[in-house]
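Step one of this worksheet: look at the structure below.
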Amino acid sequence: MQQTPPPYHPPIAPPIEWIGPAESGHLRLLDQTQLPITTTYLDCTTTQHIWDAIKRLVVRGAPAIGITAAYGLVIASQTPPPNSPLAALSPEDRFQKSCDYLATSRPTAVNLFWAIDRLRKLPDHSPAALLAEAKKIHEEDRKMCHAIGQHALDYLLQHITPHTNRPLTFHTHCNAGALATGGIGTATAPMYLAHEQNIPIRIFADETRPLLQGSRLTAFELQSAGIDVTLICDDMAAHVMQQKLIDLVIVGADRIAANGDAANKIGTYNLAVLAKHHNIPFFVAAPSSTFDLSLSDGSHIPIEERASNEITQGFGNQTAPNNIKTYSPAFDVTPHALITALITERGIIPKPNTQSVTAHLS
Ligand SMILES: CSC[C@H]1O[C@H](OP(=O)(O)O)[C@H](O)[C@@H]1O
């Protein structure tokens, strides 16, 4: 009997890996702050390590943050060293305090809170029970990425006609790839599946200032997979659209409200407005764990603000006057009216609104 092929995974190393037994194991994270120059790993053995890794974007991307937090709670449930201040707490108090602490690492990606709540609701907070659930979340996300990819690819091939004499050309922003998830990504999922199925595609990835997840991560993982990717600066998006080089825009999301408004990396809203102006379809790909139906619309999504030096000293170079005032929202919200369709592991939500989103997820 023909073996089903293993799930496709891009050549880059998985960003998240649990090492060892539940009671004494730890989490190994690919340090994404060092990519694409070096591939190094961070071994996290304490909840503090996990919090720092999420805060510093060692691991980032809404699904990856949720998966990491879940494994972080396994570490939190382990017996601490006798000299640790945590040793004075009961195991349940230690677990609850760790849930509250990890929830303060970053405010926008709802997957963080979704994963913490999912483990909190378990009747058993032992390391073994928590590790089993964390691994389930990880595996579910891997499968959701693949399903998102297949739904997206089927839809795009059916509805998008590339300009003559060139492959179907995507524009993507930030990194909603294998490095942001437990699988082949969300926005990148149809790209990987098209590549695997020898369907010609071309990708324009923008740098995504200030932290350059597009140039450092998306360009890296797509090039590593042998996918035709072209890097552009954020401010080139309008020009490439005007030159009719782009057939569609597809991005990820960090939190999607009940009416389909989607929070994603800062600069996404710019692209949505530009896409509308140029009559280019704009897609948001995300698993159901990224939806927050408790929020009626995107105005309620908390937007993380990050440190000034990520703008003024990005990656070591001083590029602004000392003590210059900055404002650095890490995300923006794209109104559902600018979104051609949301794409989840369950399928497509064309022209999303409260009725279609809630029906899709019920
Ligand atoms: C698949 S979710 C990826 C999502 O997360 C990124 O933000 P960050 O790198 O700050 O975690 C960005 O918004 C991506 O679209």
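Both counts, for ligands and for their atoms, begin at 1 and track the order of listing. Remember, predicted model here, so these are calculated numbers, not experimental data.
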Please find the pair of heavy atoms, one from Thr47 and one from Ile75, that lie closest to each other, and give the distance. N-CG2, 4.0 Å
For Pro352 versus His336, what's the shortest heavy-atom pair and its separation? O-ND1, 2.9 Å
Of the listed options Thr290, Asn264, Ile148, closest to atom 15 (O) of ligand 1 (non-hydrogen atoms): Asn264
Do any heavy atoms of Asp254 fall under 4.0 Å from ligand 1? yes
Donor-acceptor side-chain pairing of Tyr101 and Gln48 below 3.5 angstrom: yes
Any Arg106 heavy atom less than 4.0 Å from ligand 1: yes
Identify, for atom 11 (O) of ligand 1, the protein heavy atom at the shortest distance, and state residue, atom and that distance. Gly61 N, 2.9 Å
Ligand 1 N/O within reach of Lys265 N/O, cut-off under 3.5 Å: yes
Ligand 1 N/O within reach of Arg60 N/O, cut-off under 3.5 Å: yes
Atoms of ligand 1 close to Gln213 [distance to a heavy atom under 4.0 angstrom, numbered from 1]: 8 (P), 9 (O), 10 (O)
Under 3.5 Å, is there a donor-acceptor pair between the side chain of Thr319 and the main chain of Thr312? yes
Taking 4.0 angstrom as the limit and counting only heavy atoms of Thr186, give me the atoms of ligand 1 inside it, by number and element. 1 (C)
Check ligand 1 against Pro63 and write out every atom of the ligand that is under 4.0 Å from a heavy-atom position of the residue. 1 (C), 2 (S)
Between Ser288 and Glu345, do the side chains contain a donor N or O and an acceptor N or O under 3.5 Å apart? yes
Tell me, please: is Ala253 in heavy-atom contact with ligand 1, that is, under 4.0 Å? yes
Closest contact, heavy atoms only, Val251 versus Thr268: CG2-CG2, 3.9 Å
Work out whether the distance between some heavy atom of Asn175 and some atom of ligand 1 is less than 4.0 Å. yes
To the nearest 0.1 Å, how far is atom 12 (C) of ligand 1 from its closest protein heavy atom, and which atom is that? Cys174 SG, 3.4 Å
Examine the side chains of Asn175 and Glu221 and answer whether a donor and an acceptor come within less than 3.5 Å of each other. yes
Apply side-chain contact (heavy atoms from CB on, under 4.5 Å) to the pair Asn264 and Phe331, showing each step before the final yes or no. CA-CA 5 Å; Asn264 196 54; Phe331 301 94; 5.5 Å; no
Heavy-atom proximity to atom 2 (S) of ligand 1, best of Gly252, Ala109, Ala62, Ala189: Ala62
Would you indicate whether Asn83, at its atom CG, is surrounded by more than 12 heavy atoms from other residues, nucleotides or ligands within a distance under 6.0 Å? yes
